[in-house]
Amino acid sequence: MQDTPKNLDQKREDEKMLVSEMIALYCRRQHKTPKGSLCPECRQLHDYALTRIDKCPFMETKTFCSACKVHCYKPEMREKIRAVMRWAGPRMLPVHPVLSIRHVAVTLRSKREAKKAG
């Protein structure tokens with residue numbers, strides 16, 4: 001099934017929101033920034049991640065960047081986003097339960113489908 005442009009736009013927006021929330025949580029707790037702001041390093045990562053999401057040619061078929069076969073992040077930025085995801089991922093449930101549950105559901109579904117295909 002192919003996503004319609006409207007669904008594809010929504011998928012992009014959902015992914016942007018998830019990444020933004022994870023970076024914000026990480027920055028707030030690790031760099032002690034006030035809620036609603038980011039330190040310069042996290043701002044740079046945030047802007048970079050949103051640009052990558054906007055330009056992703058695989059958005060129709062992929063689930064999340066971590067499951068993508070092509071890694072379009074520069075190595076330095078990839079390490080930074082992985083550190084953010086590793087730290088913020090487990091802490092997202094109490095902060096954003098709907099986003100967290102949706103993320104887990106999509107991840108499990110894609111793993112199940114990959115097993116059936118492989």
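Heavy-atom basis, side chains included; hydrogens, waters and symmetry copies ignored. Source: prediction; values computed, not measured.
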Which pairs of donor and acceptor atoms, one on a side chain in residues 94-106, lie under 3.5 Å apart (sequence neighbours left out)?
{"residue": "His96", "atom": "NE2", "partner": "Glu21", "partner atom": "OE1", "Å": "2.7"}
{"residue": "Ser100", "atom": "OG", "partner": "Met92", "partner atom": "O", "Å": "3.2"}
{"residue": "Ser100", "atom": "OG", "partner": "Leu93", "partner atom": "N", "Å": "3.2"}
{"residue": "Ser100", "atom": "OG", "partner": "His96", "partner atom": "O", "Å": "2.9"}

- By side chain to side chain donor-acceptor pair (under 3.5 Å), which residues pair with Ser20, not counting sequence neighbours? His46
- Side chains of Tyr48 and Ile81: closer than 4.5 Å at any heavy-atom pair? no
- Message: Let me confirm one number: the CH2-CZ distance from Trp87 to Arg29, rounded to the nearest 0.5 Å.
- Response: 5.5 Å
Show me the donor-acceptor pairs within less than 3.5 Å that the side chains of residues 49-58 make with the rest of the protein, sequence neighbours left out.
{"residue": "Thr51", "atom": "OG1", "partner": "Asp47", "partner atom": "O", "Å": "2.9"}
{"residue": "Arg52", "atom": "NH1", "partner": "Cys72", "partner atom": "O", "Å": "3.2"}
{"residue": "Asp54", "atom": "OD1", "partner": "Lys16", "partner atom": "NZ", "Å": "2.5"}
{"residue": "Asp54", "atom": "OD2", "partner": "Lys16", "partner atom": "NZ", "Å": "3.3"}

- Message: Would you say Leu108 ends up clustered with Met85 if hydrophobic residues are merged whenever their side chains have heavy atoms under 4.5 Å apart, either directly or through other cluster members?
- Response: no
- Query: Who passes side chain to side chain contact (heavy atoms under 4.5 Å, CB included) against Lys35, sequence neighbours left out?
  - Reply: Arg28
- Query: Roughly how far, to the nearest 0.5 Å, is CG of Leu8 from CD of Gln10?
  - Reply: 10.5 Å
- Task: Please name all residues satisfying side chain to side chain contact (heavy atoms under 4.5 Å, CB included) with His71, sequence neighbours left out, ordered by chain then number.
- Result: Arg78
- Task: First locate atom CD1 of Ile23, then atom CG of Leu45, and finally report the distance between them rounded to the nearest 0.5 Å.
- Result: 4.0 Å
- Note on the structure: The complete set of salt bridge (Lys or Arg N to Asp or Glu O under 4.0 Å) pairs with one or both residues in residues 82-94, sequence neighbours excluded, reads Glu79-Arg82
- Could Lys80 and Glu76 be called an ion pair, given the rule that one side-chain N must be under 4.0 Å from one carboxylate O? yes
- Any chance you could measure His31, atom NE2, to Glu41, atom CD, to the nearest 0.5 Å? 5.5 Å
